[in-house]
Amino acid sequence: MSAPRPDLPPPGVTHDVDDRPPTPWTRLYVAGMWLGRDKDAFTGAEHTRENALALQRKGDAPPTRWTRRRLDVREEQRHGMRTWVVRPRDTAPVARVVYLHGGGYVHPLTADYWRLVRALAAAPAEVVVPAYPLAPGADVDEVLPRLLGLVGDACADDLPLVVMGDSAGGALTLVIGQRLRGQPRQPARLVLLCPWLDATLDEDEVGDLEATDPMLEEGGLRAAGRWWAGPRDPADPLVSPVAGPLDGLPPLELFIGDHDILRPAVDGLVRRALAAGATLRVREVTAMFHVWMTRAVPEAARTRRQLSELVRAAAADGVPGGGR
């Protein structure tokens, strides 16, 4: 493995906690999530499956009208996946982001994601958003090679690359980084937003946190993890990347809310990152729910600004194609 570059953060783990109380608007927003029974989407295996298939029949939410008005948007077929490429209209991008959406491997893109894509494009960056095949019709062994091909293409020129994803997409981001270890061209950063690091949800704290999480229910989520695993064990590192290798990775940036049932696995990642000498920065936000950064709340806007800054930092590294 090559020696670390002096312009990248030194190996080590930092854990920052933003303990500012949620704004009144966010409190109302979360109350609406509870009243709207957002958790029902992952209540029980059978209901989770029926709900997911209904959403898949409706399809992915395309770029919103506001996104198309502000940015250059192209739709392409890449590696057998419907893929959107979003760029600033009048500014050359200084970096590229491959963004992998979440949804428990079973839900398609929603309109909220385009709010985050606009913020990333403002870095300025080119943002590549694939609509990858979903479970239960597809599994990790079918989809991962397509995403690796997409990321490989994104590494092929002089734009520094950031791979970023939320929830299931955050897990895929880490899996892709693990699969690319030792390759001459890699992402400059891996950014994990509320990542689903352990598909088994076996941590003791998960049950306690479920009462505070307005979005996720462990029963349906476990079922989705089994469907995505296909013939594999859900604990396999391709499905639960907290168990995968962490040495030799690009710097990792992780955002998590303390009301998220995926929060406990972050502690496991921290322990393993320390043992592996990895570079990991965890940013924990008090009272935040799963994937808050896509929503229309003040805390989300603040996090989106931080993510845009991370993309600019990757560009400042000046690493052609993301290679290290």
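These values consider heavy atoms only, across backbone and side chains, with no hydrogens, waters or symmetry-generated copies. What you are looking at is a predicted structure, and each value in this text was computed from that prediction instead of being measured. The first residue of the sequence shown is numbered 1, and numbering continues consecutively from there.
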Note to self: Under a 3.5 Å distance rule, please check whether Asp198 uses its side chain to pair with a backbone N or O of Thr200 as donor and acceptor.
What the structure shows: yes
For Arg304 and Leu116, indicate whether the former's side chain and the latter's backbone hold a donor-acceptor pair under 3.5 Å.
no
Between Lys39 and Asp213, is there a donor-acceptor pair closer than 3.5 Å when you use the side chain of the first and the backbone of the second? yes
Evaluate the side-chain proximity of Val266 to His15: yes if any heavy-atom separation is below 4.5 Å, no if none is.
no
Would the Trp196 and Trp228 ring centres measure less than 6.0 Å apart? no
Residue pair Val163 / Leu161, side-chain heavy-atom distance below 4.5 Å:
yes
Practice prompt. Answer yes or no: is there an ion pair linking Arg232 with Asp139, defined by an N-O contact shorter than 4.0 Å?
Written response: no
Is any side-chain heavy atom of Leu53 closer than 4.5 Å to a side-chain heavy atom of Pro136? yes
Side-chain donor/acceptor of Tyr113 to backbone N/O of Val129, under 3.5 Å: no
Notebook entry, point to check: Do Leu134 and Tyr105 come within less than 4.5 Å of each other through their side chains, counting heavy atoms only?
Noted result: no
Closest non-hydrogen atoms of Pro187 and Pro250, given as atom of the first, atom of the second and distance, are O-CG, 3.2 Å
Any chain of hydrophobic side-chain contacts (each under 4.5 Å) joining Leu55 to Leu221?
no
Here the pair of heavy atoms bringing Leu159 nearest to Val94 is CD2-C, 3.7 Å
Would you kindly say whether Tyr99 and Asp166 are connected by a side-chain donor-acceptor distance under 3.5 Å? yes
Derivation and outcome, side chain to side chain contact (heavy atoms under 4.5 Å, CB included), residues Val86 and Asp72: CA-CA 6 Å; Val86 181; Asp72 178 55; over 6 Å; no
So, Glu205 and Arg263, do they make that salt bridge, N to O below 4.0 Å?
no
Side chains of Pro245 and Arg181 in contact at under 4.5 Å (non-hydrogen atoms) = yes
Separation between CG (Leu192) and CG (Leu197), nearest 0.5 Å, reads 6.5 Å
The side-chain contact (heavy atoms from CB on, under 4.5 Å) partner of Val311 among Val127, Val191, Leu120 is Leu120
ask   = Between Met293 and Trp66, is there a shared hydrophobic cluster once you connect ILVMFWY residues whose side-chain heavy atoms come closer than 4.5 Å?
value = no
For Ala41 and His107, the nearest pair of non-hydrogen atoms, with its separation, is CB-CE1, 3.9 Å
So does Leu209 get a backbone contact from the side chain of His259, meaning a donor-acceptor N/O pair under 3.5 Å? no
Notebook entry, point to check: Is the closest side-chain heavy-atom distance between Leu144 and Leu238 below 4.5 Å?
Noted result: yes
Closest non-hydrogen atoms of Val291 and Ser167, given as atom of the first, atom of the second and distance, are CG2-CB, 4.2 Å
Report task. Applying side chain to side chain contact (heavy atoms under 4.5 Å, CB included), run through Thr83 and Glu75 and close with a yes or a no. Result -> CA-CA 6 Å; Thr83 303; Glu75 182 178 331; over 6 Å; no
### Query
Is the side chain of Arg146 donor-acceptor paired with the backbone N or O of Gly80 at a distance under 3.5 Å, no angle test?
yes
dist Met81:CE -> Leu147:CG (nearest 0.5 Å) comes out at 5.0 Å
**Q.** Residues Arg295 and Tyr29: side-chain donor-acceptor under 3.5 angstrom
**A.** yes
- request: State whether a side-chain donor-acceptor pair under 3.5 Å links Glu299 with Thr26.
  value: yes
Nearest heavy-atom contact between Pro133 and Val143 is O-CG2, 3.5 Å
One should read off an interatomic distance between Thr43 OG1 and Arg37 CZ, to the nearest 0.5 angstrom, of 7.0 Å
Handout entry: Contact check, side chains of Phe255 and Cys194, non-hydrogen atoms, under 4.5 Å
Key = no
### Asp19 and Val285: CA distance, side-chain angles, deciding distance, side chain to side chain contact (heavy atoms under 4.5 Å, CB included) verdict
CA-CA 6 Å; Asp19 59 1; Val285 184; over 6 Å; no
- State plainly whether the residues Arg78 and Asp153 are in salt-bridge range, i.e. N to O under 4.0 Å. no
Exercise. Verify, without hydrogens or angle tests, whether Thr286 (side chain) and Arg20 (backbone) share a donor-acceptor contact under 3.5 angstrom.
Key: no
Discussion item. Just by distance, no angles: are the side chains of Arg312 and Ser308 close enough, under 3.5 Å, to form a donor-acceptor pair?
Written reply: yes
Notebook entry, point to check: Do the side chain of Glu284 and the main chain of Gly257 share a donor and acceptor less than 3.5 angstrom apart?
Noted result: no
field: Working for side-chain hydrogen bond (donor to acceptor under 3.5 Å, both in side chains), residues Thr110 and Asp112
entry: CA-CA 5 Å; Thr110 64; Asp112 282 334; 4.7 Å; no
*May I have the step-by-step check of side chain to side chain contact (heavy atoms under 4.5 Å, CB included) for Leu307 and Leu193, ending in yes or no?*
CA-CA 10 Å; Leu307 294 172; Leu193 310 178; 3.8 Å; yes
**Asked** Hey, would you say the Tyr132 and His101 ring centroids sit under 6.0 Å apart?
**Response** yes
Exercise. Counting N and O atoms only, with roles assigned by atom type, does the side chain of Arg96 sit under 3.5 Å from a partner on the main chain of Ala154, one being a donor and the other an acceptor?
Worked result: yes
Backbone N or O of Glu126 within a donor-acceptor pair of the Arg87 side chain at under 3.5 Å? no
For Ala243 and Pro237 the tightest heavy-atom approach is O-CG, 4.1 Å
Residue pairs meeting ring-ring contact (aromatic ring centres under 6.0 Å, His included), one or both in residues 270-313, sequence neighbours left out, come to none
If we only count heavy atoms from C-beta on, is the Leu190 to Val162 side-chain gap below 4.5 Å? no
